[in-house]
Amino acid sequence: MNLWRKLACIILVVVVCASAAANWLAPAGYARQYREATNAAPSRSHWLGTDEIGRDRFARVLYGTRISLLLAPAAALLSTLMAALIGGLAGYLGGVWARLAMAVTDLFLSLPWLFLLITARALMPLNVSPLVSVLVTFLLLGLLGWTAAARVLCTTAGALRSADFVRQARAAGVPGQRLFWIHVMPNLKPVLYAQFWISIPVFILSEANLGILGLGVAEPMPSWGSLLKELEGLVSLGDEPWKFVPLLLLVLVVMSFQLLLSRHDEVAA
Amino acid sequence: MRQPMARTYGKRLANLVICLGLLTAQVAAQAGGELNFCLRTEPKTFDPLKVEDDSSAAIRYLTGGVLVRVNRQTQELEPELARSWKVSKDGRQITFHLRSGVSFSDGTPFSAGDVAYTVEQLMDPALHSATGDAFRSGAGNVETKVISPTQILITFPASVAGLDRLFDQVAILSERSSKKERAVLGPFMLADYKPGATVLLKRNPNYWKTDEQGRKLPYLDSIRLDIQANRDVEMLRFKRGELDLINSLDSEYFDKLAVTSPQLVHDAGPSLDSEQLWFNEVAKAPIPAYKKNWFRSANFRRAISEGINREDLSRVIFHGHAQPAVGPFSPANKFWFNGKLRPQTYSPDAALKALQSDGFRLENGALKDKDGNEVVFSIITNAGSKTRERMAVLIQEDLQKIGIHVNVVTLDFPSLIERMTQSFDYEAIILGLTNVDLDPNGEMNVWLSSSENHQWNPQQKTPETAWEAEIDRLMRAQATSTDPKRRKEAFDRVQEIVVEQEPFIFLINRNALSAVSMAVHGAAPVILSPQTFWNADRLTVATK
């Protein structure tokens with residue numbers, strides 16, 4: 001592990017630990033409004049200042065990080081499993097099945113997901129708690145994010161289908177289902193890992209984009225998306241650099257994931 | 001001898017140069033120059049009779065000649081193309097005495113025939129004119145009678161309240177000009193339009209007005225309107241000196257600009273615009289029956305109103321550039337506002353007491369109704385409106401103090417409108433009302449129970465409550481009366497009923513905020529639209 005990867009690991013560990021300890025590090029919580037101290041600069045009582053309605057930005061960054069870091073991997077896991085099942089099976093079966101699966105994948109890729117997500121949000125019941133809204137947002141992202149990974153897995157599984165060891169097993173009379181689970185799937189693992197690590201930053205950014213659009217995580221719960229919304233006021237950002245902290249954190253975490261990912265790429269290759 | 005002569009000539013020359021310089025500066029201050037500002041959306045039409053959007057309305061204001069004009073500063077009606085006018089006692093007829101010697105921008109002379117032509121076009125049902133709708137008070141046709149080239153009588157099928165003031169929005173078209181709506185009587189005329197980019201207005205050479213010294217108006221050569229939806233970009237361009245004014249400014253931008261350039265920003269005080277919260281009271285709405293019972297209870301609505309800290313909404317969200325709202329009309333509406341009314345005071349204790357008297361009880365920090373249902377409801381507002389989202393979050397915390405749990409939901413605007421007007425699948429909404437009309441007649445479509453815009457319970461066949469029936473009666477009474485005193489009494493009572501019943505929980509009235517460059521002379525921002533360029537014909541811009 002080189003220096004950069006070590007650094008990435010340290011950053012991720014620190015960020016994860018800090019967000020896990022949010023209750024102790026920021027006991028005021030993310031929702032409390034200090035209405036007499038709105039838009040305040042960093043101080044001893046508010047390390048990163050307060051937002052426009054007086055909520056402690058440090059607390060919101062910690063809790064937002066916890067939500068984004070917990071649920072983005074969960075959504076990535078869901079999408080990777082779906083990709084493994086659909087792409088892997090299609091590649092293994094080949095022929096019509098592969099063409100059909102890839103046609104469905106292409107169809108999914110061509111759909112305007114942003115508008116469909118807006119529609120899905122509009123169709124959801126209104127009286128859902130912020131926690132449920134968070135879960136639904138990431139569930140939707142997970143359910144919709146499998147397509148690109150499925151294409152990669154389909155190609156890899158297709159290559160494995162004609163590999164010598166699979167042919168040998170088939171010739172030895174190993175049934176199709178067992179062949180798939182015991183001989184093909186384990187060999188897809190490196191690609192699955194890579195796809196899993198790729199998906200995490202993608203989902204973090206997707207949630208951030210949805211948050212900027214006013215979708216996704218409901219108030220008062222914070223997420224990186226809702227925290228990044230503060231950066232919309234382009235005019236005065238030079239005067240308030242502490243508002244960049246959520247963006248900096250997002251960049252650091254995504255870069256750290258990418259650095260770790262490169263290692264898995266090498267394994268996959 | 002030569003030397004003194006040369007000195008004298010030199011002195012004279014210097015004096016001449018100074019005089020010429022002063023004269024040039026004075027002329028430059030009084031004439032010429034280009035005013036540049038932004039329209040936030042593409043104008044949908046240049047036909048003044050079809051105007052519905054803000055951008056088209058701004059162009060109509062700058063190019064259209066009207067018979068009478070509401071002075072945006074004094075709120076009084078003043079003569080323009082009509083020297084005088086008279087409304088009949090029954091409010092059905094109006095006679096205008098017009099100015100003579102006035103021409104359209106293309107040189108076509110203006111006469112009573114043009115007014116008749118404009119009114120006929122305006123009232124043509126096939127045109128679907130929003131401006132024309134304000135004149136429709138009864139079935140039948142509008143008749144025009146040209147008495148002479150400078151006198152016209154217009155007869156409406158039924159009495160129209162505030163009839164003369166409605167002509168403030170009616171830009172007169174030329175009957176004979178081949179240029180149709182491009183021939184105008186206002187200070188500027190449309191010179192160029194690049195869709196998505198700019199609208200260029202040039203000085204109307206035939207504009208009839210002169211200033212007190214007899215000089216021809218307008219002073220400006222042209223107005224360039226850049227189409228720019230992004231407010232950040234608009235602000236940056238203003239700060240760089242590329243724009244001369246921002247007609248309507250958010251409180252956030254206002255404060256940011258005030259820090260660096262306090263002389264450029266203007267807070268004209270509370271505007272006519274309001275923000276309000278309302279509950280769904282539609283009988284067929286797909287929400288649980290017990291929630292309908294809460295929302296239809298005036299006691300419940302009043303308690304919610306008492307539980308909202310409006311002072312904090314004004315101070316925190318609008319940085320003090322808003323006032324706690326009192327009722328349907330802003331105090332800015334000098335004549336129609338009911339001065340006896342006061343803003344609801346914030347009192348969570350009183351709110352809780354009122355709810356307890358209705359059978360609600362607080363259990364472990366959560367409010368429950370008499371059947372044990374926890375008081376939870378959602379407030380929806382449009383995604384992208386920072387101020388409304390923040391207001392909802394403040395209200396969420398305020399109501400949490402009396403045990404009410406609020407879920408804040410932001411929806412894209414079409415979805416919100418669909419829920420509000422079609423499916424009625426919502427519990428509470430925060431939205432705003434933009435008022436451009438001082439007269440309560442402009443709000444008939446909100447207060448009549450049969451109206452589509454009676455948002456808390458629209459299109460009722462017969463009024464479902466006694467107080468809504470009373471509002472219907474009073475609104476119709478004021479609409480058919482021509483006596484301003486009686487109309488005021490009726491609308492004062494409407495305001496009192498609305499404050500008692502709180503079908504709309506009025507939250508705040510935004511202040512009219514604007515920014516005007518130091519290069520612009522003669523600007524006096526006001527609360528009525530268009531706030532900064534209402535006197536565009538008298539504005540000048542120093543050379544950039």
Side-chain angles (χ1 to χ4, degrees), chain A residues 29-40 50-55 60 114-134 136-137 209-222 225-226 229-240, chain B residues 230-236 238-239 250 252-253 255-257 259-260 287-288 291 309 311-313 315-317 319 376-394 396-398 400 405-416 418-419 425-429:
Chain A
Y30 58 81
R32 186 167 168 191
Q33 297 167 6
Y34 298 89
R35 294 187 188 177
E36 301 306 319
T38 57
N39 246 331
T50 58
D51 69 5
E52 289 125 339
I53 55 175
R55 296 178 295 196
R60 291 184 68 73
L114 184 63
F115 295 102
L116 289 176
L117 279 170
I118 291 172
T119 312
R121 180 66 194 88
L123 292 174
M124 266 171 56
L126 297 175
N127 255 323
V128 290
S129 69
L131 187 64
V132 174
S133 81
V134 173
V136 169
T137 302
N209 289 334
L210 286 178
I212 287 168
L213 289 170
L215 303 165
V217 181
E219 288 279 8
M221 197 168 263
S226 62
K229 264 167 118 179
E230 278 195 293
L231 302 184
E232 282 177 347
L234 191 72
V235 178
S236 72
L237 288 180
D239 307 332
E240 299 164 318
Chain B
N230 189 318
R231 295 191 177 202
D232 294 328
V233 174
E234 186 183 19
M235 177 64 120
L236 284 171
F238 178 79
K239 285 178 109 174
D250 288 343
E252 200 177 332
Y253 290 132
D255 280 356
K256 283 170 186 168
L257 196 55
V259 172
T260 52
I287 54 176
K291 286 196 176 181
N309 191 337
E311 290 286 350
D312 275 1
L313 293 182
R315 189 175 52 80
V316 175
I317 314 288
H319 308 172
V376 177
F377 60 81
S378 59
I379 296 178
I380 58 174
T381 192
N382 56 315
S385 169
K386 263 191 196 176
T387 50
R388 287 186 193 134
E389 283 176 35
R390 290 180 203 154
M391 278 199 287
V393 178
L394 253 68
Q396 185 182 44
E397 195 181 78
D398 283 344
Q400 190 67 56
H405 184 76
V406 173
N407 292 311
V408 176
V409 182
T410 54
L411 293 179
D412 60 302
F413 210 66
S415 304
L416 188 149
E418 193 275 330
R419 283 178 187 264
D425 186 10
Y426 73 92
E427 291 172 351
I429 291 183

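Quick note on labels: first sequence line is chain A, next is B, and so on, each numbered from 1. Computed over heavy atoms, backbone and side chain alike; hydrogens, waters and symmetry mates excluded.
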Reference residue A:L126; test side-chain contact (heavy atoms from CB on, under 4.5 Å); the match among B:I379, B:I287, B:N407, B:L411: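 Of the listed residues B:I379, B:I287, B:N407, B:L411, the side-chain contact (heavy atoms from CB on, under 4.5 Å) partner of A:L126 is B:L411.
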Contacting region of B:I317 [heavy-atom separation from chain A under 4.5 Å]: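 Side chain only.
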Region of B:I380 that comes under 4.5 Å of a non-hydrogen atom in chain A: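 Just the side chain, heavy atoms under 4.5 Å.
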Partner chain A: residue of B:L394, B:V408, B:V409, B:N309 with the largest heavy-atom pair count (under 4.5 Å):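 The residue among B:L394, B:V408, B:V409, B:N309 with the greatest pair count is B:L394.
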State the [atom1]-[atom2] distance between [X] and [Y], to the nearest 0.5 angstrom.
X      : Y      : atom1 : atom2 : result
B:E427 : A:N127 : CD    : CG    : 4.0 Å
B:Q396 : A:I53  : CD    : CD1   : 8.5 Å
A:E240 : B:K256 : CD    : NZ    : 6.5 Å

Carboxylate-amine/guanidinium proximity below 4.0 Å for A:R35 and B:D398: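 Here A:R35 pairs with B:D398 in a salt bridge, since their nearest N and O are under 4.0 Å apart.
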Residues which pass salt bridge (Lys or Arg N to Asp or Glu O under 4.0 Å) with B:R315, listed by chain and number, not counting sequence neighbours: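 Only A:E36, B:D312 meet the salt bridge (Lys or Arg N to Asp or Glu O under 4.0 Å) criterion with B:R315.
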Residue B:E311 excluded, over 12 heavy atoms near CD under 6.0 Å: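 No, because the 6.0 Å sphere around CD of B:E311 holds 12 heavy atoms or fewer from other groups.
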side-chain contact (heavy atoms from CB on, under 4.5 Å) assessment of A:R55 paired with B:V393: CA-CA 11 Å; A:R55 296 178 295 196; B:V393 178; 3.6 Å; yes
Main-chain N/O of B:E389 paired with A:E219 side-chain donor or acceptor, under 3.5 Å: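 Side chain of A:E219 to backbone of B:E389: no pair is present.
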By ring-ring contact (aromatic ring centres under 6.0 Å, His included) - contacts of B:F413 (at least two apart):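 Result, ring-ring contact (aromatic ring centres under 6.0 Å, His included) vs B:F413: none returned.
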